[in-house]
Amino acid sequence: MSVEYMRAIRARYESLGYTPYRWFEADSPPPWTPLVKPLSAARLGLLSTSGAYALGQAAYHYKDDTSIRALPRDIDDRDIRFSHITENYLVDPRRDPHCILPLAPLRRLTREGVVGELAEHVFSCMGGVYSQRRVREETAPALLEAFRRERVDAALLVAM
Amino acid sequence: MCHQTVSLVARHLEANGIPTLCLGAARDIFEAGRPPRAVFVDYPLGHSAGRAFDAQDQYDVVSAALRGFASLTTPGELLTLPNRWPDDAWRAEASSTEGKDTRQPRDETPQFQFPADREAAIASGAWAPG
């Protein structure tokens, strides 16, 4: 049985005296865009919500930071950093970033021809944003523009 | 919260012509947020792309997830990967409803991982202390 995070987090916040968090519950079917070419011919974009940033970039802050960062696809592991409001989940990513920002597997899949190409820049955000309105109005449009700039055919979005 | 953010972003990208595939480790948040294509791996949060220091597991998770672009044909469908975490000890803590707040204090100061990162961000002009 998989962990029921929504129920656990609701109860946890309640016991701390916070107002119950209202999770996003979709009331409409998701939009749909078919991938018209095989993945082996596609330029793939990547987003990780883990708060990854490159050495030399600003780290994320923890008060509903809706900004995004672009990291070069061939970034050296030693230049990858993380800042995320739930730092307890960063223990392993900070030792091996590929468990949440899967550049190494995607590079291999590209070499093997399974993926046509990885976009030159991959993206991160700090997914721990409480305001759904701000995600919709700030993060999502910024990422749409960023992926368009990278001319991706499809995007893999990895949630932390 | 990350899974909710990803669901919202995926729906926005998809509505604007970019096919997406969400990979994550919180099944219930995906089921509520209903991104267009979702892949669930039953691993502790922080490991949605596989186990740390296990390149083969990461490759297996990511390649299996990407096959969802071909196999998921119904909007909102969720694919569950067969991968199993080696032990179940993490589940109790993840499911806990006890009042433990693991979040960091919330303010708008960038939380650099190392002090040297702060200096590097200042030197590159990416950030300036307020």
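Hydrogens, waters and symmetry mates play no part in the numbers below; they use all other heavy atoms, side chains included. Numbered from 1 within each chain, the chains take letters A, B, ... in sequence-line order. The shown structure was predicted, so the numbers you read here are calculated from the model rather than taken from an experiment.
The residue among B:Glu108, B:Glu119, B:Arg91 with the most heavy atom pairs within less than 4.5 Å of chain A is B:Glu108. Most heavy-atom pairs under 4.5 Å with chain A, from the set B:Leu13, B:Val61, B:Asp88: that is B:Leu13. Chain A forms the most heavy-atom pairs under 4.5 Å with one residue out of B:Ala126, B:Ala116, B:Ala123, and that residue is B:Ala126.
Residue A:Pro34 touches chain B through its backbone alone, counting heavy-atom pairs closer than 4.5 Å. Residue A:Glu14: no heavy atom, backbone or side chain, is found under 4.5 Å from chain B. Neither the backbone nor the side chain of A:Val91 comes within contact range of chain B; no heavy atoms are under 4.5 Å apart. Using a 4.5 Å cut-off between heavy atoms, A:Ile9 does not touch chain B at all. Looking at B:Pro36, both its backbone and its side chain come within 4.5 Å of chain A, counting heavy atoms on both sides. Residue B:Asp42 touches chain A through its side chain alone, counting heavy-atom pairs closer than 4.5 Å.
A:Pro141 has its side chain within reach of B:His12: a pair of non-hydrogen atoms, C-beta onward, lies under 4.5 Å apart. Residues B:Gln111 and A:Phe82 have side chains not in contact (no heavy-atom distance under 4.5 Å, counting atoms from C-beta outward). In this structure, B:Val62 and A:Leu109 have side chains that are in contact, with non-hydrogen atoms separated by less than 4.5 Å. In this structure the side chain of B:Phe40 reaches within 4.5 angstrom of the side chain of A:Ser2, judged on heavy atoms. Residues B:Asn16 and A:Arg148 are in side-chain contact: their nearest non-hydrogen atoms beyond the backbone lie under 4.5 Å apart. Considering only heavy atoms from C-beta on, B:His47 stays 4.5 Å or farther from A:Ile100 through its side chain. Considering only heavy atoms from C-beta on, B:Ile29 comes within 4.5 Å of A:Met6 through its side chain. Put simply, the side chain of A:Tyr62 does not reach to within 4.5 Å of the side chain of B:Thr109, judged on heavy atoms.
Between A:Thr49 and B:Cys2, the closest heavy-atom pair is OG1-SG, 3.0 Å. Residues A:Cys99 and B:Gly46 come closest through the heavy atom pair SG-O, 3.5 Å. Scanning both residues, B:Ala25 and A:Tyr5, for their nearest heavy atoms gives O-CE1, 3.7 Å. The minimum heavy-atom distance linking B:Gln56 with A:Arg108 is given by the pair OE1-NH1, 3.4 Å. Of all heavy-atom pairs between A:Ala8 and B:Ser96, the closest is CB-O, 3.8 Å. A:Arg7 and B:Asp28 make their closest contact through N-OD2, 4.4 Å (heavy atoms, listed as atom of the first residue, atom of the second, distance).
Residues B:Gln4 and A:Tyr130 have side chains that never bring a donor and an acceptor to within less than 3.5 angstrom of each other.
Scanning residues 63-79 of chain B against chain A with a 4.5 Å heavy-atom cutoff picks out B:Ser63, B:Leu66, B:Phe69, B:Leu72, B:Thr73, B:Thr74, B:Pro75, B:Gly76, ordered by number.
With B:Val9 as the partner, the side-chain contact (heavy atoms from CB on, under 4.5 Å) test is satisfied by one option alone out of A:Leu144, A:Leu143, A:Ile68: A:Leu143.
Pairs engaging residues 30-39 of chain B under the side chain to side chain donor-acceptor pair (under 3.5 Å) rule: B:Glu14-B:Arg37 [sequence neighbours left out].
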**Prompt:** Is there a side-chain hydrogen bond (donor to acceptor under 3.5 Å, both in side chains) between A:Arg136 and B:Thr5 once you walk through the steps?
**Reply:** CA-CA 9 Å; A:Arg136 279 201 189 89; B:Thr5 297; over 6 Å; no
What pairs of donor and acceptor atoms, side-chain ones from residues 152-160 of chain A against any protein atom, are under 3.5 angstrom apart with sequence neighbours left out?
unit_1, atom_1, unit_2, atom_2, d
A:Asp153, OD1, A:Lys37, NZ, 3.4
A:Asp153, OD2, A:Lys37, NZ, 3.3
A:Asp153, OD2, A:Arg43, N, 2.7

Enumerate donor-acceptor pairs with a distance under 3.5 Å from any side-chain N or O in residues 50-60 of chain A to protein atoms, sequence neighbours excluded.
unit_1, atom_1, unit_2, atom_2, d
A:Ser50, OG, A:Ser48, OG, 2.7
A:Tyr53, OH, B:Gln113, N, 2.7
A:Tyr53, OH, B:Asp117, OD2, 2.9
A:Gln57, OE1, A:Ala54, N, 2.9
A:Gln57, NE2, A:Ala70, O, 2.8
A:Tyr60, OH, A:Arg69, N, 3.2
A:Tyr60, OH, A:Ser124, O, 2.9
A:Tyr60, OH, A:Ser124, OG, 2.6

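Ionic pairing of B:Arg51 and A:Asp92 is not present here: no N-O contact between side-chain nitrogen and carboxylate oxygen is shorter than 4.0 angstrom.
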